There are 2 protein chains.
Amino acid sequence: MANIRDIAKHADVSVTTVSRVLNEHPYVSKEKRARVHKAMKELGYLRNQQALTLSTGKTQRVVVILPYMDHPYYGFFVNGLAKAALEHNYRLVMWQTEYKLSEERQALDLLKHREVDGAIVLSHEMSFKEMETYRAYGPIAVATVGAPETISSIHVDHYASFVSGIRVLQSHGYEQIGMILSRSHSPSSLARQQAYFDEVAHAREQWIWTGYLTSEDGVRLAETFLSQKERPRALFFSSDYVALGFLGEMQRRHIAIPEEVAMLGFDGHPIGRAFGLSTMLSPNEQIGRRLFETTLAEMNGAQPETHGMTVSYQVGTTL
Amino acid sequence: MANIRDIAKHADVSVTTVSRVLNEHPYVSKEKRARVHKAMKELGYLRNQQALTLSTGKTQRVVVILPYMDHPYYGFFVNGLAKAALEHNYRLVMWQTEYKLSEERQALDLLKHREVDGAIVLSHEMSFKEMETYRAYGPIAVATVGAPETISSIHVDHYASFVSGIRVLQSHGYEQIGMILSRSHSPSSLARQQAYFDEVAHAREQWIWTGYLTSEDGVRLAETFLSQKERPRALFFSSDYVALGFLGEMQRRHIAIPEEVAMLGFDGHPIGRAFGLSTMLSPNEQIGRRLFETTLAEMNGAQPETHGMTVSYQVGTTL
DNA sequence: TTGTATGCGTTATCAG
DNA sequence: CTGATAACGCATACAA
């Protein structure tokens with residue numbers, strides 16, 4: 001493992017000159033530059049990133065905090081993040097929390113311990129108040145609403161999005177509407193419920209089902225839904241995967257969609273399109289990209305940024 | 001940012017003593033230990049991970065190399081990897097290659113530059129011969145077959161798996177069998193084709209369709225498939241997602257499955273189960289977990305390991 | 001255009 | 001039990 005000093009000795013120059021060549025600084029004579037390059041080749045020099053990191057104080061890494069890496073919902077975010085990070089020569093450290101607050105804290109501790117330069121939070125149990133205590137150690141960007149000024153937020157405006165989704169349902173003639181949500185107390189879920197009660201005339205508490213995250217949950221939901229005496233005519237799902245699980249189970253039971261119950265999803269996953277799921281298309285990949293870019297900007301001195309994204313209706317056959 | 005020297009000064013001990021307290025070494029008097037703890041608390045000490053890393057030469061990081069982070073196929077692998085890594089206090093650096101060889105090289109260069117301790121390769125364009133040139137810089141584990149002795153491999157035995165899948169189809173009375181593969185020249189695809197020609201009496205070159213990766217590809221396939229004059233009676237898909245795209249499109253066209261064409265998937269994704277897809281269940285999460293564990297073992301001096309995993313038939317309604 | 005000296009924050013060695 | 005000092009490998013202020 002030849003280091004910068006070995007190269008200097010071999011090329012008969014100072015370490016500073018080697019460092020300058022390495023960093024493509026000007027003010028190095030052609031001849032010495034060539035000697036250094038020759039020495040690097042001969043000794044098989046490989047720059048040690050750890051040393052660079054300690055010396056500069058920059059890690060070129062960002063931690064991405066999310067509950068589950070195998071949930072397709074996060075796929076598009078992460079894809080956008082990964083592309084943007086790679087383009088800017090940054091590395092993504094992934095931290096899976098399984099919705100555990102203790103894991104979120106450990107992940108954000110990376111910031112404190114100078115292991116990463118910034119943090120991107122796709123889902124959090126932690127209050128913004130607590131999250132702000134980490135802010136002193138580096139920029140934080142979240143994909144949820146309600147962030148304070150110190151924390152960047154690139155998010156779907158869930159209130160506006162659900163209002164527009166509900167209007168799509170209403171424009172198709174559905175008035176009795178139910179809603180399927182993931183976590184009952186998350187900020188986005190609260191915004192969705194607000195939209196529901198603001199916009200749906202026949203809103204009912206018991207037509208909001210919470211705790212549905214996966215396609216398997218969607219399958220379970222079918223049973224629950226069908227056992228209900230008074231049922232809504234349409235269901236608005238906060239996740240395409242839950243909707244698809246429900247749709248598959250309804251097909252198995254030979255229950256006609258949308259005749260028996262209409263369905264509107266949320267996300268816009270390709271697999272949903274294959275089954276004709278009507279859905280609200282969310283620009284998740286773009287959000288991922290912007291989350292990285294805003295974090296990068298903050299690392300370069302920019303101010304935190306808040307930006308709400310809008311969704312659009314993607315026509316299907318379940319309405 | 002108080003450092004170890006500040007603590008030493010504040011507690012009126014040497015830096016060595018502080019380091020010993022930090023690392024819970026014995027041979028530190030109770031009294032000094034207490035003074036150090038007090039100083040750390042008072043100055044808000046946070047250990048700098050970068051310095052630790054440079055000093056010890058261990059990064060506690062592993063790079064995970066995969067083509068796409070948003071392809072559900074990799075979700076289970078990554079989930080297993082993430083759980084195992086977290087348990088052992090390791091961080092996962094994700095590198096998305098989009099099947100580009102140049103990206104794979106850059107990712108493996110992290111090993112050379114001491115930015116990670118090991119590499120886990122879930123899919124690769126790179127030959128094993130080239131991959132071995134990185135082996136000197138740290139352990140490498142792959143999830144594909146055919147690795148040399150120096151590289152660990154935890155993989156599905158695609159040959160055996162496809163043989164057993166084909167036998168499942170045959171046991172249901174299907175003799176005219178076609179196969180849908182992702183990449184035509186990957187080691188796993190070659191093994192699958194070998195199994196096909198070894199086991200299927202009526203095997204035909206033109207009944208092997210390659211280049212199908214996503215559910216959207218599955219949708220496209222329906223058109224291609226139906227335009228064929230002579231069609232197989234059953235299709236064996238190398239991916240549940242492609243199979244689901246195909247299934248959705250067939251439903252849209254009101255073509256009966258399995259009456260018109262039987263389908264067998266490969267993976268065992270929950271969403272497939274919701275739609276009754278018959279499939280071969282692959283233990284991908286377990287593979288992910290073992291990939292990490294074998295890498296960790298190698299970092300602690302163990303020899304590379306090769307282990308083939310088997311799949312099992314998961315009953316559905318598409319056969 | 002070049003080089004010397006110092007710092008980044010730890011751990012490890014070795015002497016006491 | 002304790003501490004001074006030397007690594008680890010690089011970047012950079014400052015001087016020449």
Side-chain angles (χ1 to χ4, degrees), chain A residues 1-37 39-40 43-61 89 109-117 137-138, chain B residues 1-37 39-40 43-61 89 109-117 137-138:
Chain A
M1 293 288 97
N3 64 24
I4 201 174
R5 256 183 298 269
D6 299 326
I7 303 300
K9 206 166 292 174
H10 198 80
D12 194 29
V13 297
S14 73
V15 291
T16 312
T17 298
V18 177
S19 177
R20 286 199 180 102
V21 173
L22 233 37
N23 294 292
E24 289 170 351
H25 276 299
Y27 306 138
V28 177
S29 71
K30 260 207 155 89
E31 190 243 330
K32 291 208 173 177
R33 187 186 306 278
R35 282 211 324 255
V36 169
H37 277 134
M40 293 201 297
L43 299 186
Y45 174 73
L46 294 166
R47 175 205 239 151
N48 183 316
Q49 184 69 26
Q50 302 175 24
L52 198 162
T53 273
L54 177 61
S55 186
T56 60
K58 307 230 142 265
T59 64
Q60 297 284 113
R61 284 188 294 271
N89 195 29
D109 279 344
L110 297 192
L111 222 44
K112 287 192 172 180
H113 294 150
R114 303 283 160 213
E115 214 171 324
V116 295
D117 296 333
Y137 305 98
Chain B
M1 293 288 94
N3 64 25
I4 199 172
R5 255 183 298 269
D6 299 326
I7 303 301
K9 205 168 292 175
H10 197 81
D12 194 30
V13 297
S14 72
V15 290
T16 311
T17 298
V18 177
S19 177
R20 286 200 180 102
V21 172
L22 233 38
N23 294 291
E24 289 169 349
H25 275 300
Y27 306 137
V28 177
S29 71
K30 256 209 158 85
E31 189 241 334
K32 293 211 172 177
R33 186 186 307 276
R35 283 212 321 256
V36 168
H37 277 134
M40 294 200 298
L43 300 187
Y45 174 74
L46 294 167
R47 177 207 238 150
N48 183 316
Q49 184 69 26
Q50 303 176 23
L52 196 161
T53 273
L54 176 61
S55 186
T56 60
K58 307 231 141 265
T59 63
Q60 297 285 113
R61 283 188 295 271
N89 196 30
D109 278 344
L110 296 192
L111 222 45
K112 286 191 173 182
H113 294 150
R114 303 280 159 217
E115 214 171 323
V116 295
D117 296 333
Y137 304 99

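Computed from a predicted structure; not experimentally measured.
Note: CG (A:L54) to P (C:dT11) measures 12 Å, nearest angstrom. Summarising the geometry, the separation between CZ on B:R33 and P on D:dG3 is reported as 13 Å, rounded to the nearest angstrom. Rounded to an integer number of Å, the gap from CZ of B:R5 to P of D:dA4 is 12 Å. Between B:R20 atom CZ and C:dA12 atom C1' the separation is 10 Å, expressed in whole Å. Taking atom CD on B:Q49 and atom C1' on D:dC8, their separation rounds to 15 Å, with Å as the unit. B:H25 places its NE2 atom 14 Å from the C1' atom of D:dT2, with the value rounded to the nearest Å. Protein atom CG of A:L52 is 9 Å distant from nucleotide atom C1' of D:dG9, rounded to whole Å. Regarding A:D12, its CG atom lies at a distance of 8 Å from the P atom of C:dG3, rounded to whole Å.
One finds a side-chain N or O of A:K32 lying less than 4.0 angstrom from the OP1 or OP2 phosphate oxygen of C:dG3. Taking 4.0 angstrom as the limit, B:S29 places a side-chain polar atom (N or O) nearer than this to OP1 or OP2 of D:dT2. OP1 and OP2 of C:dC8 both lie 4.0 Å or more from every side-chain N or O belonging to A:R114. Applying the 4.0 Å criterion to OP1 and OP2 of C:dG3, one finds that A:S14 has a side-chain N or O inside that range. For B:T17 and D:dT2, the shortest distance from a side-chain N or O to OP1 or OP2 is not below 4.0 Å. Proximity of A:Y27 to the phosphate of C:dG3: no side-chain N or O atom is located under 4.0 Å from OP1 or OP2. OP1 or OP2 of D:dA11 has at least one side-chain nitrogen or oxygen of A:R47 nearer than 4.0 Å. Between B:K30 and D:dC1, a side-chain N or O to OP1/OP2 separation shorter than 4.0 Å is absent.
Here the closest heavy-atom approach between residue A:Y137 and residue A:R114 is recorded as O-NH1, 3.3 Å.
Residue contacts for A:I7: at a heavy-atom cut-off of 4.0 Å it reaches no nucleic acid atom on any strand shown. Nucleic acid contact class of B:V28 (heavy atoms, under 4.0 Å, all strands): sugar-phosphate only.
Here the side chains of A:K58 and A:D117 are in contact, with some heavy-atom distance below 4.5 Å.
Heavy-atom nearest nucleotides on DNA chain D were determined for B:V15 and for B:T56, and the one closer to the 5' end corresponds to B:V15. Summary of the strand contacts: A:T16 and B:N48 both lie near DNA chain C, and taking for each the nucleotide with the nearest heavy atom, the more 5' one is attributed to A:T16.
Side-chain N or O atoms of B:T56 include one that pairs as donor or acceptor with a backbone N or O of B:L52 at under 3.5 Å. No donor-acceptor pair under 3.5 Å is formed between the side chain of B:N23 and the backbone N or O of B:H25.
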*Would you sort out whether A:L54 and A:Q50 count as a side chain to side chain contact (heavy atoms under 4.5 Å, CB included), showing the intermediate values?*
CA-CA 6 Å; A:L54 177 61; A:Q50 302 175 24; over 6 Å; no
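Each of C:dT10, D:dG9, D:dA11 was ranked by its minimum atom distance to the side chain of A:N23; first place goes to D:dA11.
Side-chain polar atoms of A:S14 and A:T17 form a donor-acceptor pair below 3.5 angstrom.
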